[in-house]
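Report on one structure; see the data block that follows.
In each ligand, atom 1 is the first atom listed, and ligand 1 is the first ligand listed.
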Amino acid sequence: MVEKLIVIGSGPAGYTAAIYGVRDGLNPLLIRGSLPGGQLMLTSAVENYPGFPSILGPDLMGDFYKHAISLGCKIIDEDVAEVDLHSYPYKVTAEGKEYETYSIIIASGANAKWLGLENEKRLIGKGVSGCAVCDGVFFKNKDVLVVGGGDSAMEDASYLSRVAKSVTLIHRRDTFRASKIMQDRVMSNPKIKIIWNSVVVDVLGKDRVSGVKIKNLVTKKEETIPVQGFFLAIGHSPNTALFKGQLDLDGQGYIKTHEFTKTSKDGVFAAGDVQDKVYKQAVIAAGWGSMAALDARKFLADKKLI
Ligand code: NAP
């Protein structure tokens, strides 16, 4: 049997594509991955998804899941091991099983970035974390440092200030790129100290993080900040390793799209953070998901496959 549509990924884009696909009679197979739900599973309160003045990220994704299930969407909770776009129908391997499909929507999202320091890698899970919401609880009454100047860094610093004894927020420039409301929240929080124009040059500690060495980019002075927690909030990279050499990607690895959700292969569409490095909002990802499903339906209809 050849599937009409396979959706890869289960953030807002993947679920929305699947929901539209089911309702359009495409009987899609949604491959959610082994950690379903996408980045919102690592967020606390979401306050900008219309219709939900404040909802926890995992609860919102739980609602997306229930919606997809209520429509009878077929779901697999395994990571996709391989995608073969060289012959048609395309092939997607997951759960050790190969599926053939006439169309694919890629909604595999993006993951947190790391600085790339040797000791940062060595101490991941031992005080170094890429997810304040997941790991913050382990730093109750401890001193922590957050690096970044975007909304994620503001959100993480604010979140950690409710748990930790103190939060130091370090940014490489003298202005944040975060939205004003989130900056204001951080700047008026007495538990958060901001260090401008500085970068982290080393993470210290033998078995656990005991401090972070930072360098001021203006004065070139280095100093050590004693902290037990070091949180990265410096952006994301797209999950596109499976598509390298098969689809056109941009310099940062994001899938290139044209005419909205079309990729460089006919019948393969991309939606959400895997192709959007600008907005990266749940509501926008959901919108992309619906667009990709409508585009997939048109493709299948034009090819007389539905
Ligand atoms: P981002 O907006 O790309 O910000 C990344 C930050 O990290 C920037 O301030 C950047 O500095 C800094 N940075 C990047 N690489 C660095 C490095 N190697 N060393 C030191 N600093 C580095 O990423 P984000 O904060 O994850 O946000 C991504 C998107 O998600 C945004 O559109 C944001 O609005 C959205 N978001 C929204 C919410 C919300 O509304 N609740 C929450 C989180 C994220 P520069 O500024 O100097 O480039």
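Linking ILVMFWY side-chain heavy atoms closer than 4.5 Å, directly or via other members, places Tyr20 and Phe269 in two distinct hydrophobic clusters.
Taking CG of Leu169 as the start and CZ of Phe231 as the end, the distance is 13.0 Å to the nearest 0.5 Å.
Using a cutoff of 4.0 Å between basic side-chain nitrogens and carboxylate oxygens, Lys74 and Glu3 are scored as salt-bridged.
Ring geometry for Trp196 versus His171: interplanar angle over 60°, hence perpendicular rather than tilted (30 to 60°).
Listed by chain and number, residues touching ligand 1 at under 4.0 Å (heavy atoms only) are Asn48, Leu115, Gly148, Gly149, Gly150, Asp151, Ser152, Glu155, His171, Arg172, Arg173, Arg177, Met182, Ala233, Ile234, Gly235, His236, Val278, Tyr279, Lys280, Gln281.
Proximity of Ile106 to Ile255: side-chain heavy atoms (C-beta onward) are separated by under 4.5 Å at one or more points. Side-chain contact between Lys277 and His236 is absent, with no heavy atoms from C-beta onward closer than 4.5 Å.
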